[in-house]
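The block underneath contains the structure these notes are about, expressed in structure tokens.
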Amino acid sequence: MATEHVGELSETARIARDLIRIDTSNRGGGDANPERPAADYVAAYLRDLGLDPVIIESAPGRASVVARVAGREAELPALVLHGHLDVVPADPANWSVDPFAGVVKDGLLWGRGAVDMKDMDAMILTAIAELLRAGERPRRDVVLAFFADEENGGIYGSHHLVEHHPELFEGAGTAISEVGGYSIDIAGNRAYLIQTGEKALDWIRLRARGTAAHGSRVWHDNAVTRLAEAVAALGRHEWPIALCDTTRELVDEIARLVGEDPRQINPEELVLSLGKGAGFVQASLRNTSNPTVLTAGYKHNVIPDTAEALVDVRTLPAERDAVLAQIQEIVGEDIEIETVHSDIGLEVPFAGELVEAMRAALEAHDPGAKVLPYLLSGGTDNKALARLGITGYGFAPLRLPADLDFPGMFHGVDERVPLDALDFGHRVLADLLRSY
């Protein structure tokens with residue numbers, strides 16, 4: 001596998017590579033490598049463009065960066081263009097490259113954050129740089145925000161800024177960020193998915209209680225057994241398909257493109273026809289509840305009196321309360337449920353001036369491509385901004401090869417993004433800022 005020379009990289013790729021080399025791994029619960037070095041890098045770049053960025057730390061080293069760019073039509077509501085600076089951890093033993101080396105090979109940039117989401121951070125920076133260096137301005141004011149702690153729900157990042165520094169987003173009406181605008185293949189046709197909604201988020205803890213005893217006893221009041229039964233029941237539960245407005249529109253469009261009648265075929269079959277592109281979309285068709293962490297015991301020959309499990313619950317925006325109530329029924333009344341972190345679901349119209357501007361920017365750079373809405377099974381910092389009345393979309397535009405498992409790159413091993421996709425995204429974002 002060939003490795004490209006650094007001098008051949010575009011500015012967008014160089015910035016993304018540099019940010020990947022700053023290890024901002026976020027292990028959750030406040031345990032993270034500080035984002036401050038990445039924030040300083042971004043702030044220095046913005047200052048070189050003549051902007052006046054503000055760095056805000058919610059805790060030592062947990063830094064976010066915000067800067068405002070004056071637009072040509074200041075009377076229009078501002079746009080928040082945002083990314084996050086943290087990444088999930090990566091175990092180098094599982095990777096074919098050093099996940100924090102920013103390796104360039106085979107026409108791709110490899111590393112933790114290559115798609116989630118230091119690529120978008122770089123695209124944002126070079127898109128605004130293209131305008132400002134040419135003496136241009138975006139059509140409306142743009143608030144550039146680079147948040148800490150998104151991978152922990154934004155507690156030390158977007159939520160902190162929304163709660164304590166809402167003035168930074170004054171006058172903003174819309175926002176765009178990650179996990180949308182990327183291309184998928186539908187029956188040989190390239191289509192771009194604009195994220196118009198996000199599932200609600202509930203990170204819960206299951207706790208079983210029993211009585212401590214010697215490990216050699218015949219013992220039926222075992223917290224580990226009780227928890228294991230609850231985790232198995234929840235992990236194996238099949239939530240039924242439930243469509244919201246966004247997923248219904250997406251399914252109908254997929255059916256039309258593949259020549260099927262959406263009333264005569266299972267929606268999941270249609271989504272699975274997307275191949276690797278189904279990775280995110282499939283989970284948008286139903287609620288999910290995935291056990292992710294188990295904790296119990298402290299000695300091989302001691303039966304513990306408590307056992308705990310963490311579960312990642314993602315629900316359709318309108319079904320959250322009903323799902324949480326059903327989870328209690330599934331695990332049993334003797335299992336305690338504690339909410340560790342929760343956040344709202346979102347669903348916004350696939351219509352309006354911003355949607356038309358995103359569509360036009362994509363079509364200008366990829367004529368004939370389809371543009372479709374979808375519901376993100378995960379979440380973004382748009383959840384926090386929604387508390388200020390800001391309508392958020394996912395739009396990190398990337399034109400991708402049909403055989404790249406892009407959804408598999410998120411939090412996966414050997415995360416990577418094509419170099420030409422980064423430059424495509426930079427150009428699309430620059431045009432969007434000119435027109436919207």
Side-chain angles (χ1 to χ4, degrees), residues 23 25-34 58-60 62 86-95 99 112 149-156 159 199-239 283 286-315 319-343 377-379 410-413:
D23 182 354
S25 295
N26 189 341
R27 292 166 289 276
D31 178 14
N33 296 348
S58 55
R62 307 306 306 277
D86 62 323
V87 296
V88 295
D91 183 355
N94 298 327
W95 285 55
R112 180 59 88 215
D149 201 43
E150 191 273 346
E151 298 293 0
N152 185 50
I155 296 169
Y156 292 93
H159 279 286
K199 283 185 170 182
L201 163 67
D202 286 278
W203 287 338
I204 63 173
R205 177 180 286 111
L206 307 182
R207 182 180 295 109
R209 297 189 185 275
T211 304
H214 196 286
S216 67
R217 300 273 310 268
V218 174
W219 205 250
H220 301 294
D221 190 22
N222 189 315
V224 175
T225 303
R226 188 167 293 130
L227 178 74
E229 291 169 342
V231 167
L234 184 56
R236 292 178 179 144
H237 182 75
E238 293 287 339
W239 297 96
R286 52 166 50 88
N287 302 299
T288 60
S289 52
N290 287 308
T292 55
V293 176
L294 295 171
T295 305
Y298 49 89
K299 185 73 167 56
H300 206 139
N301 61 347
V302 178
I303 298 171
D305 56 5
T306 60
E308 297 180 345
L310 302 184
V311 183
D312 188 339
V313 181
R314 309 290 176 131
T315 56
E319 299 199 2
R320 182 182 190 182
D321 292 343
V323 167
L324 293 176
Q326 190 172 348
I327 286 175
Q328 185 72 75
E329 295 177 8
I330 293 168
V331 300
E333 291 300 322
D334 60 340
I335 300 295
E336 301 169 15
I337 298 179
E338 173 191 350
T339 298
V340 178
H341 178 70
S342 65
D343 213 335
S377 57
F410 284 76
H411 299 189
V413 173

Notebook entry, point to check: Looking at side-chain heavy atoms only, is the closest gap between Asn33 and Arg27 below 4.5 Å?
Noted result: yes
Next item on the list: Just say parallel, tilted or perpendicular for the rings of His159 and His341, cut-offs at 30° and 60°.
Entry: perpendicular
Next item on the list: Compare every heavy atom of Arg320 with every heavy atom of Ala200, then report the nearest pair and how far apart it is.
Entry: CB-CD, 3.9 Å
Next item on the list: With rounding to the nearest 0.5 Å, note down the distance linking CG in Leu206 to CD1 in Ile327.
Entry: 8.0 Å
Checklist line | Atom pair CZ (Arg286) and CD (Glu238), whose distance is rounded to the nearest 0.5 Å | finding: 6.5 Å
Next item on the list: Could you pull out the closest heavy-atom pair between Trp219 and Thr211, with the gap in Å?
Entry: NE1-O, 2.9 Å
Notebook entry, point to check: In Å and rounded to the nearest 0.5 Å, what is the CH2 to CG distance from Trp203 to Asp312?
Noted result: 6.5 Å
Next item on the list: Please round to the nearest 0.5 Å and tell me the distance separating atom CD of Glu338 and atom CD of Glu308.
Entry: 7.5 Å
Check: Do Asp86 side-chain atoms and Glu151 backbone N/O form a donor-acceptor pair below 3.5 Å?
Finding: yes
Note to self: Quick check: do Leu310 and Arg205 have side-chain heavy atoms less than 4.5 Å from each other?
What the structure shows: yes
Checklist line | Asn26 side chain near Arg62 side chain, heavy-atom distance below 4.5 Å | finding: yes
Notebook entry, point to check: Does Ser216 reach the side chain of Asn301, with side-chain heavy atoms less than 4.5 Å apart?
Noted result: no
Checklist line | Heavy-atom pair of closest approach, residues Thr292 and Val311 | finding: OG1-N, 4.3 Å
Check: In terms of side-chain geometry, is the basic nitrogen of Arg226 or Asp221 positioned less than 4.0 Å from the acidic oxygen of its partner?
Finding: yes
Check: What heavy-atom pair brings Ile303 and Gly215 nearest, and what distance separates the two atoms?
Finding: CG1-CA, 3.9 Å
Note to self: Given 3.5 Å as the limit, does a donor-acceptor pair link the side chain of Arg112 with the main chain of Gly412, or not?
What the structure shows: yes
Notebook entry, point to check: From Glu229 CD over to Ile335 CD1, what is the distance, rounded to the nearest 0.5 angstrom?
Noted result: 8.5 Å
Notebook entry, point to check: If every non-hydrogen atom of Ala223 is compared with every non-hydrogen atom of Pro304, which pair is closest and at what distance?
Noted result: CB-O, 3.9 Å
Next item on the list: Starting at OG of Ser25, measure out to CG of Asp31 and round the result to the nearest 0.5 Å.
Entry: 10.0 Å
Margin query: Are the side chains of Gln328 and Leu324 in contact, using a 4.5 Å heavy-atom criterion?
Written below: no
Notebook entry, point to check: Less than 4.5 Å apart, any side-chain heavy atom of Trp239 and any of Val323?
Noted result: yes
Next item on the list: Check the pair Lys199, Thr315 against side-chain contact (heavy atoms from CB on, under 4.5 Å), reporting the backbone distance first and the verdict last.
Entry: CA-CA 5 Å; Lys199 283 185 170 182; Thr315 56; 5.8 Å; no
Margin query: For a quick test of reading the model, state the closest non-hydrogen atom pair linking Asn152 to Gly28 and the distance between them.
Written below: OD1-CA, 3.5 Å
